[in-house]
Amino acid sequence: MLKRILSDLIKVEGVSAAAIVGRDGFIIEHVSNIQMDVDALGAMASTSVGTSEAMGIELSKGNFEQVLVELEKGPIMLSLVTTNEILAIVAEPGSNLGRIRYEVKKNKDRIAAAL
């Protein structure tokens, strides 16, 4: 079920990879249309979320929900699905980020239930 949900997410125009990452940085499941080091994605996603959570606490901005990193060759979006799992989306330059955010939000409960 989880792989099917991730497969649906990479059908969204501009999305090239979707992965569920544990807090420990290990990949639980992933689907990709591109060649990439998925283990590196997992490790960095976990670190990025941890750092973002610390920033929210230190600056009294509340709990972490989502981070978007805009890079030269496309954005990466990280969202908490549950307390212990992160959804990582790798997209192409010029992707419709609003559409991707909508699809992530729409599928969060389905992903959590599949975990």
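When a residue number appears, it is its place in the shown sequence, counting from 1.
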For this session: Would you check if the side chain of Ser46 reaches a backbone N or O of Gly42 as a donor-acceptor pair within less than 3.5 Å?
Result: no
Exercise. Do Met44 and Leu78 sit in the same hydrophobic cluster, where Ile, Leu, Val, Met, Phe, Trp and Tyr count as joined when their side-chain heavy atoms come under 4.5 Å apart?
Worked result: no
Seminar exercise, completed: Tightest non-hydrogen contact, residues Lys73 and Pro93, listed as O-CD, 3.3 Å
Exercise. For the side chain of Lys108 and the backbone of Leu80, is there at least one donor-acceptor N/O pair under 3.5 Å apart?
Worked result: yes
Problem set entry | Side chains of Asn63 and Glu53 in contact at under 4.5 Å (non-hydrogen atoms) | no
Problem set entry | Partner residues of Arg4 under the side-chain hydrogen bond (donor to acceptor under 3.5 Å, both in side chains) criterion, sequence neighbours left out | none
Problem set entry | Whether over 12 other heavy atoms sit under 6.0 Å from Asp24 CG | yes
For this session: Step by step, work out the side chain to side chain contact (heavy atoms under 4.5 Å, CB included) result for Gln66 and Lys105.
Result: CA-CA 10 Å; Gln66 186 175 72; Lys105 187 174 183 177; over 6 Å; no
Exercise. Apart from Leu87 itself, which Ile, Leu, Val, Met, Phe, Trp or Tyr residues share its cluster (side-chain heavy atoms under 4.5 Å, direct or through members)?
Worked result: Met1, Leu2, Ile5, Leu6, Leu9, Ile10, Val12, Val15, Ile20, Ile28, Val31, Leu68, Met77, Val81, Ile89, Leu97, Ile100, Val104, Ile111, Leu115
Exercise. Pick from Ile27, Val38, Asp39, Asn84: which one makes a side-chain contact (heavy atoms from CB on, under 4.5 Å) with Val21?
Worked result: Ile27
Exercise. Atom OH of Tyr102 and atom CG of Asn96: how far apart are they, to the nearest 0.5 Å?
Worked result: 12.5 Å
For this session: Using salt bridge (charged side-chain N to carboxylate O under 4.0 Å, His left out) as the criterion, list what pairs up with Arg99, not counting sequence neighbours.
Result: Glu103
Problem set entry | Inter-residue atom distance Glu13.CD - Ser95.OG, 0.5 Å rounding | 8.0 Å
Exercise. Quick one: hydrophobic cluster around Met55, which other residues, with the 4.5 Å side-chain cut-off, linked directly or via members?
Worked result: Leu59
Exercise. What residues form a side-chain hydrogen bond (donor to acceptor under 3.5 Å, both in side chains) with Ser16, not counting sequence neighbours?
Worked result: Glu92
For this session: Decide if atom CZ of Arg23 counts as having more than 12 heavy atoms of other residues, nucleotides or ligands within a radius under 6.0 Å.
Result: yes
For this session: Could you note down all residue pairs passing salt bridge (charged side-chain N to carboxylate O under 4.0 Å, His left out) where residues 28-37 supplies at least one of them, sequence neighbours left out?
Result: Lys3-Glu29
